[in-house]
**Q** 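Let me give you the structure first, and then I'll get to my questions.
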There are 2 protein chains.
Amino acid sequence: MSPLKAKSNHVTIVDVATTSGFSPSTVSIVLNEAPLSRYVAAKTKERIRKAAKDLGYRPDAFARSLRNRRSHTVGVLIFDISDPFCTLILQGIERCLDSTAYLPIIMDAHNEKKQFEGYLEMLMERRVEGLIVVANWLFEEGGLLLNLRRNNLPTVVVGRDLSTDLISSVVVDNVAGGYTAMEHLYSLGHRKIAVIRGPEKLGDSNLRWQGIQQFAAEHNYQLDPRRVRLLPEALDPTSGFEGGVAATEDLLRSAADFTALLAFDDLTALGAIRALILSGRSVPGDCSVIGFDDVPPAAFCTPGLTTIRQPMEEMGRIATGWVLRAVQGPDTEDAILPPMQILSPQLLIRESTSRV
Amino acid sequence: MSPLKAKSNHVTIVDVATTSGFSPSTVSIVLNEAPLSRYVAAKTKERIRKAAKDLGYRPDAFARSLRNRRSHTVGVLIFDISDPFCTLILQGIERCLDSTAYLPIIMDAHNEKKQFEGYLEMLMERRVEGLIVVANWLFEEGGLLLNLRRNNLPTVVVGRDLSTDLISSVVVDNVAGGYTAMEHLYSLGHRKIAVIRGPEKLGDSNLRWQGIQQFAAEHNYQLDPRRVRLLPEALDPTSGFEGGVAATEDLLRSAADFTALLAFDDLTALGAIRALILSGRSVPGDCSVIGFDDVPPAAFCTPGLTTIRQPMEEMGRIATGWVLRAVQGPDTEDAILPPMQILSPQLLIRESTSRV
DNA sequence: TTGTAAGCGTTATCAT
DNA sequence: ATGATAACGCTTACAA
């Protein structure tokens, strides 16, 4: 016989009722430990529980939800599960949900807008009570927002500021991050700093650049345009690596030399390191490199990558906390729910940066 | 007003029926494009569809599944979503499911047996039609199996051989992988090869070691025990990194020198490289290093890690294909479903290995 | 302290 | 070519 085969023959609450000799309602009340179960005789409870266990009774989530109008689920829409950035946020969401009766329904849009919409529809059909959207670096603002608005459902976007009157968001302070990265390099004595900016269309990209410029302005440091490159638009989140390699090679070919490189994100930084090493330079000996995010590979490489850490797990937790509050509290003080939270990034010094 | 707030007021099939002027049954038939819809007048269809669209009707998945006894979902039980090994398999599963009407319900056990069992129960309550278990490196055989047996549900385990009469599995050929890794190093001229084995309790670990020994025996190569280390048992899948660092440092302290190192997996290899570099050695100049798995960080580090690649996405696809077949085909030729499939690993040469 | 009955939104079966 | 009705398994008023 093949190992794969099944014939479902489920035990229902009626079976438990007849076996135990009580009515379905009593069984329901006992098994759910509903308020009314306080008035049920201890012996009755015992017999019911025994019958349920013996029969291997498992309540049908569909029937239950259909009846009481609660799905006890929150939808989690992500854009690419292979993106470590997503993964860590997911962990935060799951950890936060673990202690509740809520279940995440995770859907991965595979970086395709079409899928995003389809999955959103599926989540609605499954009557999720709240929605968390993990926006990765190619979530283009605007378009998808419209579809979200129609379903008035507690919604939190994490990783991108898309707050509206109906949607909350939790993001990292990209401006502060850019500022801090620049500050770190500058304070190590670097005065010839190359910058690889993120794709122009990307919101994060410009905010980080803003922070970089701000630091420069405050310290009378001239950002030489010859030392600045722009990552091309791209779909694949790991394309930052190749982008980093290419941008750095281009930088190396140019006339302007540099002793430090500030990359848009970790993958870009890792690509930069690859190019630097291949060109015969050492990191951080000949050139310091700093990234942004603190995705796992940043810690596993040698030298370990100095980076601006986003508290991704915490972001997931916060987002989850919000939707839970919106979902559980009936309509209590809505005002306590902030439309947007900006978390501080943190400088994480490893081995890829050093004094000039 | 706070952005988080909702008041669900769902449109039902009855609403569509009254608005369009037809009965719920006809609406159902039309909207589902059921066989009977062949006999429904074109104009009727049109009016019904228009009404549904205008009202924003969305069928209730709970009611539907309750009625027709099909959840159209498959449960996916993973052990750690932050483990890149898991992630890639998940991608395969999702991609394979995308083209079907099935939805994955993903649950992450966070490396805890307790959670595993709880989530398994939840999946059963949600009436998943099939189950895929992604076993990562700490899925201890035996224990959890028992719970799986009771629910006779098409089940496939990927990443660990747990085949029984009720469970299929898809795994990589670990013996061949170990053999190939050894062969690669040997063919580059290495004769002083250090080996960091995986935790003893881990099935994979011993199979890979078997392959290594087999190659050695066939080529009259002596595996010097002084050049062999064992990774400690551990919970965290990323602990391989620290384990690799520690084992390598220990190896370096010992009398026996080596020109190549074969690591249990990629993270271990990355840890080994870290230790090697810190000790002043270069990779692959002074020591070649080979890993196993081909997780993303292996490609982003410099030097890129030579490794034995597991076709993880394909494994996910195959597993999914099996449960789909078991689920969709009523009870057609069960015999075509193999109880276990062993995929060949592939040597992926990057820059961390070179001729001695 | 427990039972009865209605109904959640759908779809399958049977009528018309 | 379309409609009426029952039933999926559960919870919750309300009744006893």
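In this text, all values refer to a predicted model and were calculated from it rather than measured experimentally. Only this structure's heavy atoms are used, side chains among them; waters, hydrogens and symmetry mates stay out. Chain letters run A, B, ... following the sequence lines, proteins first and then strands; every chain starts at 1.
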**Q** Closest nucleotide of DNA chain D for B:Gly21 versus for A:Ser25: which of these residues is on the 5' side?
**A** B:Gly21
**Q** Please determine, by modelled atom types, if B:Arg49 and B:Tyr57 share a side-chain donor-acceptor pair under 3.5 angstrom.
**A** no
**Q** Would a distance-only check, ignoring hydrogens and angles, find a side-chain to backbone donor-acceptor pair under 3.5 Å from A:Asp80 to A:Asn111?
**A** no
**Q** Could you run down the sub-3.5 Å N/O contacts of the protein with nucleotides 7-10 of chain C?
**A**
{"from": "C:dG7", "atom 1": "N2", "to": "A:Arg67", "atom 2": "NH1", "distance (Å)": "3.0"}
{"from": "C:dC8", "atom 1": "O3'", "to": "A:Arg69", "atom 2": "NH1", "distance (Å)": "3.1"}
{"from": "C:dC8", "atom 1": "O2", "to": "A:Arg67", "atom 2": "N", "distance (Å)": "3.4"}
{"from": "C:dG9", "atom 1": "OP1", "to": "A:Arg69", "atom 2": "NH1", "distance (Å)": "2.7"}
{"from": "C:dG9", "atom 1": "N2", "to": "B:Ala63", "atom 2": "O", "distance (Å)": "3.4"}
{"from": "C:dT10", "atom 1": "OP1", "to": "B:Tyr57", "atom 2": "OH", "distance (Å)": "2.7"}
{"from": "C:dT10", "atom 1": "OP1", "to": "B:Asp60", "atom 2": "N", "distance (Å)": "3.3"}
{"from": "C:dT10", "atom 1": "OP2", "to": "B:Ile13", "atom 2": "N", "distance (Å)": "2.5"}
{"from": "C:dT10", "atom 1": "O5'", "to": "B:Tyr57", "atom 2": "OH", "distance (Å)": "3.2"}

**Q** Do we see a donor-acceptor contact under 3.5 Å between the side chains of B:Ser23 and B:Thr26?
**A**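 Yes, side-chain donor-acceptor contact under 3.5 Å.
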**Q** To the nearest Å, give me how far apart CD1 (A:Ile29) and C1' (D:dC10) are.
**A**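 A:Ile29 atom CD1 is separated from D:dC10 atom C1' by 12 Å.
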**Q** Any chance the side chains of A:His110 and B:Glu94 put a donor and an acceptor closer than 3.5 Å?
**A** yes
**Q** Any side-chain donor-acceptor pair under 3.5 Å between A:Arg64 and A:His72?
**A** no
**Q** So, B:Arg160 side chain and B:Val157 main chain: donor-acceptor pair closer than 3.5 Å or not?
**A** no
**Q** Output one line per pair: protein atom, nucleotide atom from nucleotides 14-16 of chain D, and distance, for all N/O pairs under 3.5 Å.
**A**
none

**Q** For B:Ser169, run the side-chain contact (heavy atoms from CB on, under 4.5 Å) check against B:Val156, B:Asp161, B:Thr155, B:Val133 and tell me which one passes.
**A** B:Asp161
**Q** Heavy atom of residues 43-54 of chain A under 4.0 Å from DNA chain D: which residues?
**A**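 Per residue number, the list is empty: none.
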